[in-house]
Structures are given as C-alpha cells and as structure tokens.
2 protein chains.
Amino acid sequence: MNIDWEDIKTVLYLVKGGSLAKAGAQLGVNYTTVARRISRLENALDQQLFLKAKAGYIATEAGLRVAEAAEGMEKQDHSLRRYLMAAQEPSTGLLTVTAPPLLVGPYLAKVIKMFNAAHPNVGINIRATNSTLDLNKPEADIAIRVSNTPDENLVGQRLAKQRVASFASAELAQALQDDPGATIRWLGMTYWTSPPKASLKHYPNAEIAFRFDDMSALIGAVQNGLGVARLPMFLGNATNGLVQVPILQPQSYWDIWVLTHNDLRTAPKITAFKEILIPYFKKKAPEFWGEAV
Amino acid sequence: MNIDWEDIKTVLYLVKGGSLAKAGAQLGVNYTTVARRISRLENALDQQLFLKAKAGYIATEAGLRVAEAAEGMEKQDHSLRRYLMAAQEPSTGLLTVTAPPLLVGPYLAKVIKMFNAAHPNVGINIRATNSTLDLNKPEADIAIRVSNTPDENLVGQRLAKQRVASFASAELAQALQDDPGATIRWLGMTYWTSPPKASLKHYPNAEIAFRFDDMSALIGAVQNGLGVARLPMFLGNATNGLVQVPILQPQSYWDIWVLTHNDLRTAPKITAFKEILIPYFKKKAPEFWGEAV
DNA sequence: TGATTTATATGCAAAAATGCATGTATGAAC
DNA sequence: GTTCATACATGCATTTTTGCATATAAATCA
C-alpha cells in the first residue's frame, strides 16, 4: 500500500483553506483536482477524511491527523529549500524580498537596481506588504521590517534608527503655531485609539478626526489639510507640502531591520544583497532620524 | 516554485537503491519513471542531484540533502499510517504478521486460522523471515521474535520461555551414550564458532563437522545422522527420528516474544490478534520448555 | 574474446491525471 | 422573493505521466 505524498499535501491545503476552490488556488491546480485527490486518498486509506457538507469540506479526526503529518512533511520541504538556496551560486536563481510598500519606491528600488547591476542573472521578486510574511516558509528570503519581530529561527540586523514627528500642511501648521488653544484634528491608522500623549501637553484640545486603513491615503489627507498625523521622518519630510508642526517634538520610533532565516545567514545570494543593502541604508540614516524643527 | 513531493521520495529511493532499476522496483514504478522524475526535479531546482556515471547514479551533496528531507517526510508518513491503522475498525483492512519460518507451520498457522474465523474480513499477510523487519516502517504490524530486541518505540510481551537441547538421530544418541569418549560431530548454523561449552565436560572430544545457512537443512542433516545439533525444544521434539542426547542437559535459551509498535498498542486489530495469540502460546508453553531426558 | 549481466537513454503508445464547461444546491444580501 | 456569490459534482477533451520496447555502453566472467 502506497500513499501519494502529493495527496497528503492536498489534505493540508484543504484543511487550511476550508474549500476545494481555495485549496486549489493555493496549490496551483484546479479545484476538481483537489476533490479527486481527496477521494482517491480516502479510497486508498479506506477511511473518510472529510465530511462533505453542503457548506464545504470539514475534516474528520483522521483528516486532521493527515494534515498534521503533511505539516511535518512541509517543514522538511521548507528546510530543504533553504538549504538548496544557500547552496546555489550567488549569480543564479531567484531572490524574494519583502518590505513595507512605502519603503520600496524611495529606498529599496535603488538597492535593487544596484544589486541587479552586480548580479544581472538573479531574478528579483518584490513583495511590498506590511503583513509579516513567514520567512520560515519560502514566502520570502529577505524581509525589511519596521521593528525587530522576534523569531528564534531568524537573524536580524538594524538598518536605521527611526523617529516619528507630527506633520501637517504648511497652512495648518502655521495656524496651530499661532493658536496653542486650537483643537488639533488628528489623522491616524484604523487601529489608533487616542492622540499621542506627548502632544496633549501642548495641545490639550485634540480629537481623532479620521481614520485610514492605508498609509498613502492618510498622507494624501494630510497634504490636503484635513488634519495632523504622526509620520515617520522619512515619509513626512519627503512628502510635498508637509511640514513638522512646531512645538511638537519628534519621538523615537521602531527601528528598521533586515531579517533573514538563520539557515540562509551565509547563503551567497543573501550576503551579496545585504552587502549592498546595509551600506545604502547607513548612508541614508539621517533621513530616518530626521531633524527637530 | 513548487516541488513535487513524490519526486523527493523518488530521490530517497534512488539514493538508497543506487540504481534506477532498484529504486523503481522499491517504488513500484518503471525505472524510466525514476529517471524522468529525477531530471524533472533537477530542472525545477536548477541543481544537479546525481552524477550520471555509467556505473549508476551517484548522489551529489544536494542530492543527499534532498534524500535527508525525504527521510524526515517518510517518518511522518509512517507515523501517520500507524495512527490510521489504530483508528481503523478491528474488522477491516490488512494485518501483516512476521515470524520465524519454523514457527509458522506448527504454531502461527493455527492462530491465524482462529483469528480469521473471528474476523473474516481482515486480510492477513504473513512474512516468514528471521530478518528483523522494521516495525517503525510499515513492513509489519506484529512481529513474533526469538529474543526481545530492544527498540524504544516497540512494546513486547513474552509468549513462552524457551530451552534448547542437544538432538541427534536415535542411533547416534545411543552410540554416544555407550561411549563417553567418542568424538561428537556438531552441526550448527553458519555463525557458530565452537561447540556448547557445557557439553565439553561430558564429551571433551568435539568438533564442528558442518555448518548450515538454513535451519531446515540443518534439521534434515541431524535426521540423517550427520551429527548432533543444539535445537529449540519445540523443534527437536517435533521432528521425526530425533531424540535428546542423554547426559547433555537442556539449557535456557532466548524466549519467544511478540512485538508491536507503541503507536499500535491499543489498535483494535492488534489487540484482537493478541487476544488469540497469547492464550494459544500460553497453552503451548510446555512444548517450548520441553523436558529433560 | 565473446557472452552475459547490469547500467542508462529514448521514441512511441497506453494510461492516468488534470482542466474546462456545465449543472445543482445553499446561504447571504438586497 | 430574487439575485448573487460560493460551493460541490460530473462528463468530456486535453495534457501529462507512465510503461514498454528497443538501443547502447560498461563491467564481469568463462
């Protein structure tokens, strides 16, 4: 009796996805294929792995156990891939870099250009996202992150110390300077709960006027004078029409880090990339630290 | 980039087998399929996994690392199968039992007959061999073994205490009894190095006349008067024409055990089988202990 | 040296797996 | 209630994988 390991993998993705369609999308196959692999495996094992409810496939206890085995197998798979990447020539293959979207244009793009000039045959894959991609999975090889997310398998190096300040349109900043009793209309991200504590000393009248789920949109709103926002120095200073609100002082913020998986610490491609990335950010460090008004 | 786990498995079997043909035989596919899976994987990884010498496929470092990952995955596979067997109904599926060949006919056959009567829908697979099949792999579910091979994952119960004695044809036994100074011509298995120490007190003149690689052949030789052999009680006493050599006393020997994997300790099918096996051997215990002459 | 065994390589046909199109059912939103 | 989105089932054509037959090379042995 032989079990097809691809079928075991399919069970995992069906359990994780919850429906044939999602599992198929993740696996890169048609969803009918998922259904057929499952039924093939169920026949081979002579055991039901999923209850076929109208709402979708629900894993039985046996199905969950199969998924558990698949997870263990996937760990081997991921570990293997890291080894193979580490063993590869520095000048071939593919490198996936993830970074916060707003860092890509002004900074990472130049690093990539330089790296590409030095290693023209390495394909570069950019994933501009704030979500923490899992470096344990082969979702990305190098991550640039604000704050040093702790994970025992990852190694990190600090790229730049960072500060934030309060930015507004020039007009609004002037108005606030003129009238310390004015009410500050703060703009923040969705998860913001209250105005910055340090600001209340100077402007006790404060309210959160608008919340945004997107940093670019928020910046646009600041440019248009809708209110004041606390922004990283490198963003506020580089955005046309924004100035620091006087009186409110900059504050230290989470630093910028580069993270890689421990297994890839010495991989030629990774070190080659870092050798360009780190000096570049060191040179740009003043932009992240900024200056007080 | 997606790696086919069946291809990874194939690498493992090619590394273990050393040639396409052997790997294919183990995997149950044509050897050309093995060759094509390997080249497909090498292309996908953009790395050479084997050096194609005329003498066969020799794994590169990367190939060995792939095999290592496959080994880890296979452990998951085996563990999963044990779980699934343990979860199965006692009255369905397949049960693989391994035992020393000479125990099968006189003892195990009856146990199987009784088990089959109680559970007619369970397929029974007998592997009559002295080689220690690996119960960690799904090579066998239940092993009957002489001696309790220690393995942390296995659980064992003693089926019977056992003794050995010195057997010969009736004629030869008589001759030896008449002449204590006679030279005993011993018959033994290939790995025998010297006559039984205890026998030298009574018959100091001793030599190993013939060695055999097969126990049945050895017994045949004893029947034909070629010499004296130390045999388990249950064999010597049950063989036509053999008698214990007087004077030489029986000795304790390795006991007979039944072994199963710890994961299957409570599996319905396994316990059902043991519930028949153990009482049967308990009843037959005197045959394994035997009697002194 | 010549026969035999054990390797791998490859063209071609059979078999298996997959994708697509279509049909049906269910629950949520309006 | 009607519409829409989502989910599964299945027949059919296509693609992919596999097995078989055949060819070739190296090593072994009489």
Side-chain angles (χ1 to χ4, degrees), chain A residues 1-64 66-67 70 73-74 77, chain B residues 1-64 66-67 70 73-74 77:
Chain A
M1 184 176 94
N2 213 3
I3 304 182
D4 189 312
W5 286 2
E6 285 296 298
D7 292 353
I8 295 183
K9 187 200 280 177
T10 304
V11 171
L12 173 59
Y13 280 81
L14 183 49
V15 168
K16 287 203 290 192
S19 78
L20 297 178
K22 279 171 196 153
Q26 287 291 314
L27 288 165
V29 298
N30 193 279
Y31 76 95
T32 56
T33 299
V34 176
R36 283 186 281 228
R37 284 187 188 166
I38 298 297
S39 74
R40 171 155 46 116
L41 184 58
E42 285 182 333
N43 285 333
L45 299 177
D46 195 25
Q47 247 165 342
Q48 210 167 358
L49 303 176
F50 292 90
L51 303 170
K52 281 109 191 172
K54 296 289 172 175
Y57 276 54
I58 300 160
T60 63
E61 202 180 326
L64 290 174
V66 174
M73 294 167 91
E74 200 174 45
D77 180 351
Chain B
M1 185 175 94
N2 213 3
I3 304 182
D4 188 311
W5 286 2
E6 285 296 297
D7 291 354
I8 294 184
K9 187 200 279 178
T10 304
V11 171
L12 173 59
Y13 281 81
L14 182 50
V15 168
K16 288 203 289 192
S19 77
L20 297 177
K22 277 171 196 152
Q26 287 292 315
L27 287 165
V29 299
N30 192 280
Y31 75 95
T32 57
T33 300
V34 176
R36 283 186 283 227
R37 284 187 188 166
I38 298 297
S39 72
R40 170 156 46 117
L41 184 58
E42 286 183 332
N43 285 333
L45 299 177
D46 194 25
Q47 250 167 339
Q48 209 168 0
L49 303 176
F50 292 90
L51 302 171
K52 282 110 190 173
K54 295 289 173 176
Y57 276 56
I58 300 162
T60 63
E61 203 180 326
L64 290 174
V66 174
M73 295 167 91
E74 199 173 46
D77 179 352

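In what follows, chains are A, B, ... by sequence order, proteins preceding strands, each numbered from 1.
- With sequence neighbours excluded, the residues that form a side-chain hydrogen bond (donor to acceptor under 3.5 Å, both in side chains) with B:Asn30 are B:Thr32.
- Among residues at least two apart or in separate chains, there is no ring-ring contact (aromatic ring centres under 6.0 Å, His included) pair with a member in residues 9-37 of chain A.
- Here the range on DNA chain D touched by chain B, meaning any atom under 4.0 Å from one of its heavy atoms, is D:dT17 to D:dA26.
- Of all the heavy atoms in A:Val11 and A:Gly63, the pair that sits closest is CG1-O, 3.7 Å.
- The two atoms that bring A:Val15 and A:Ala67 nearest to each other are CG2-CB, 3.9 Å, heavy atoms only.
- Residues passing the salt bridge (Lys or Arg N to Asp or Glu O under 4.0 Å) test with B:Lys52 are B:Glu42, sequence neighbours excluded.
- For A:Phe50, the ring-ring contact (aromatic ring centres under 6.0 Å, His included) partners two or more places apart in sequence, or in a different chain, are A:Tyr57.
- The side chain of A:Asn30 contributes an N or O atom lying less than 4.0 Å from OP1 or OP2 of C:dC20.
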Starting at the 5' end of nucleotides 3-17 of chain C, put B wherever the base has a protein heavy atom under 4.0 Å, S where only the sugar-phosphate does, and a dash everywhere else.
----SBBBB-----S
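- In this structure the side chain of A:Met73 never reaches within 4.5 angstrom of the side chain of B:Ile8, judged on heavy atoms.
- None of A:Leu49, A:Leu41, A:Val34 except one satisfies the side-chain contact (heavy atoms from CB on, under 4.5 Å) rule with A:Asp7; the exception is A:Leu41.
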